[in-house]
**Student:** 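Encoded as structure tokens, here's the structure I'll be asking about.
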Amino acid sequence: MTQRFALMIDPADAAAERTDYADTFTMVDASAPALSVGELSTQRGDGVFESIGVVDKHAQEVLPHLERLAHSARLCDLPEPNREQWRQAIAAAEAACGAGESVIKLILSRGVEHGPTPTAWVTAAPASDFSAVRERGVRVVTLDRGYDLSAAERAPWLLLGAKTLSYAVNMAALREARRRGADDAIFLSSDGFVLEAPTASLILRFGDRFVTPAPTGGILHGTTQLSVYEYLSGRGFDVEYERIAASELSRADAAWLVSSVRLAVAVTAIDDVSVVADRELTQQLNAYLLSPRD
Ligand code: PLP
């Protein structure tokens, strides 16, 4: 995926109250090097990020993504992002997107080693084509994440609820899932509760009740899961946050992995046990997720 657009943001001005932040942005050549070799984002994965889905030049759910960026920054002791400055940077990236689906990334890093400020930038690029996987669904395996449900509270330095740039573990989990013949994974806590996928939230259906793991045990609170819940409750379904034991996975009538760019994909098997894919509801969810949402 080639970057189409890249914008560096000067966070030094972030505290200033103004209406126009255009002069704190520097457009850079998206295909040329732009970061210093001393960048702590590349040396240590020390920073936070967001991926926002864009449909026909409309960035979806900008505010929830900015709220989560601020939450991740807080957990990492990074300066509070200036929402209005980032919103204007997103608007510039949105304008550079083409028709169809794109992805805008927001990155806030610790900056250059011994440097005075964080480094912040925004990119935009065409999204991968997820239409086939949205139709076909994914086979998943459960993988132990190695932490119990209370680890996030007991050891906040693990940054479990932050969307940090350190995704090497999440990528390793996806490779392990593929080694085991699956497409994706569901992380379990070491004390046997369901968490999330390496790059998506999990929603389970039990009859007319939809359940997702409560975002208290160090998982990300997914913006797509929130949207899906809004849609489902609008249709009269019960939607709940719960502590879900791993043993309950086999009782689910249906399951989905949901995330901002791939959107909703049905889970068709968990640990080689088939799960019935609700194709109609999956299509309805994706039609909703592809409609313009703020
Ligand atoms: N959980 C993890 C670990 C993720 O990486 C993501 C998205 O990248 C999600 C959940 C879903 O979040 P969202 O729906 O906001 O994309």
Side-chain angles (χ1 to χ4, degrees), residues 1 45 47-55 59-73 75-76 86 90 101-108 123 125 127-128 130 133-134 138 140 142-147 151-152 158-177 183-189 193-204 210-232 239 241 244 255-265 267 282 285-286 288-290 293-294:
M1 197 193 318
V48 297
F49 79 106
E50 283 295 319
S51 296
I52 303 179
V54 184
V55 183
Q60 304 281 48
E61 322 224 303
V62 168
L63 201 60
H65 281 286
L66 286 177
E67 292 299 332
R68 194 171 59 192
L69 185 74
H71 175 71
S72 300
L75 290 176
C76 293
W86 283 88
I90 294 165
E101 294 178 53
S102 306
V103 54
I104 289 178
K105 291 198 175 167
L106 319 179
I107 297 109
L108 174 62
T123 62
S128 304
F130 288 115
V133 72
R134 286 175 197 154
V138 284
V140 305
T142 53
L143 294 180
D144 182 0
R145 194 176 222 172
Y147 301 115
L158 294 175
L159 305 177
L160 291 176
K163 194 166 167 73
T164 74
L165 291 169
S166 316
Y167 257 50
V169 167
N170 305 44
M171 297 300 108
L174 287 179
R175 290 195 300 276
E176 179 61 24
D183 308 297
D184 214 315
I186 295 173
F187 282 131
L188 303 179
S189 64
F193 293 96
V194 177
L195 297 172
E196 62 187 344
T199 65
S201 312
L202 172 71
I203 298 176
L204 302 171
F210 289 79
V211 181
T212 196
T216 48
I219 64 172
L220 293 191
H221 198 175
T223 60
T224 317
Q225 175 266 308
L226 279 166
S227 268
V228 166
Y229 266 28
E230 203 173 301
Y231 171 79
L232 292 171
V239 293
Y241 293 93
I244 306 169
W256 291 267
L257 299 186
V258 301
S259 54
S260 294
V261 184
R262 191 173 57 175
L263 305 181
V265 294
V267 173
T282 307
L285 290 176
N286 282 319
Y288 171 72
L289 292 171
L290 286 166
R293 284 167 301 113
D294 289 320

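Whatever order the structure lists them in is the order used to number ligands and atoms, beginning at 1. Both backbone and side-chain heavy atoms feed into the values below; hydrogens, waters and symmetry mates do not.
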**Student:** Counting only heavy atoms not in Glu230, do more than 12 sit closer than 6.0 Å to its CD atom?
**Tutor:** no
**Student:** Regarding Glu196 and Arg145, does a basic nitrogen lie under 4.0 Å from an acidic carboxylate oxygen?
**Tutor:**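 A salt bridge is present here (some side-chain N lies under 4.0 Å from a carboxylate O).
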**Student:** Tell me which protein heavy atom sits closest to atom 8 (O) of ligand 1, plus the residue, atom name and distance to 0.1 Å.
**Tutor:**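 The closest heavy atom on the protein side is Lys163 NZ, 2.7 Å.
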**Student:** Looking only at non-hydrogen atoms, which of Leu202, Thr199, Val258, Asn170 approaches atom 7 (C) of ligand 1 most closely?
**Tutor:** Thr199
**Student:** Determine whether a donor-acceptor pair (N or O, by modelled atom type, separation under 3.5 Å) exists between the side chain of Thr212 and the backbone of Leu202.
**Tutor:** yes
**Student:** Kindly write out the residues that satisfy side chain to side chain contact (heavy atoms under 4.5 Å, CB included) with Ala70, not counting sequence neighbours, or none if the list is empty.
**Tutor:** Arg74, Glu80, Pro81, Arg83
**Student:** Starting at CG of Leu66, measure out to CD1 of Ile90 and round the result to the nearest 0.5 Å.
**Tutor:** 4.5 Å
**Student:** Given the rule in the side chain to side chain donor-acceptor pair (under 3.5 Å) test, do Arg293 and Ser227 qualify, once you have shown the distances and angles that lead to the verdict?
**Tutor:** CA-CA 9 Å; Arg293 284 167 301 113; Ser227 268; 2.7 Å; yes
**Student:** Inspect the contact between Arg68 and Glu50 and indicate whether a charged nitrogen and a carboxylate oxygen are less than 4.0 angstrom apart.
**Tutor:** yes
**Student:** Have a look at ligand 1 and work out which part of Pro64, if any, has a heavy atom under 4.0 Å from it: side chain, backbone, both or neither.
**Tutor:** neither
**Student:** Indicate, as side chain, backbone, both or neither, the part of Thr224 found under 4.0 angstrom from ligand 1 when only non-hydrogen atoms are considered.
**Tutor:**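 It is both backbone and side chain that touch ligand 1.
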**Student:** Looking only at protein heavy atoms, which one is nearest to atom 16 (O) of ligand 1, and how far off is it?
**Tutor:**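 Ranked first by proximity to atom 16 (O) of ligand 1 is Ser260 OG, 2.7 Å.
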**Student:** What part of Pro198 sits under 4.0 Å from ligand 1 if we count only heavy atoms: the side chain, the backbone, both or neither?
**Tutor:**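 Near ligand 1, Pro198 shows its backbone, while the atoms from C-beta on stay back.
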**Student:** Using a 4.0 Å cut-off to any heavy atom of Arg68, which atoms of ligand 1 qualify?
**Tutor:** 12 (O), 13 (P), 15 (O)
**Student:** What protein heavy atom sits nearest atom 11 (C) of ligand 1, and how far away is it?
**Tutor:** Ser201 OG, 3.7 Å
**Student:** Counting heavy atoms only, name the option from Ala197, Ser259, Ala200 that's nearest to atom 9 (C) of ligand 1.
**Tutor:**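 Answer by nearest heavy atom: Ala200.
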**Student:** Counting non-hydrogen protein atoms only, what is the nearest one to atom 5 (O) of ligand 1? Give residue, atom name and distance.
**Tutor:** Tyr167 OH, 2.5 Å
**Student:** State the atoms of ligand 1, each with its element, that fall below the 4.0 Å cut-off from a heavy-atom position in Glu196.
**Tutor:**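 Near Glu196, the atoms of ligand 1 are 1 (N), 2 (C), 3 (C), 10 (C).
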**Student:** Checking a contact table here: which protein heavy atom is nearest atom 15 (O) of ligand 1, and how many Å away?
**Tutor:**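 Here the closest protein heavy atom is Thr223 OG1, 2.7 Å.
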**Student:** Please check: side-chain N/O of Ser51 versus main-chain N/O of Lys105, any donor-acceptor pairing under 3.5 Å?
**Tutor:**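 No: the side chain of Ser51 does not pair with the backbone of Lys105.
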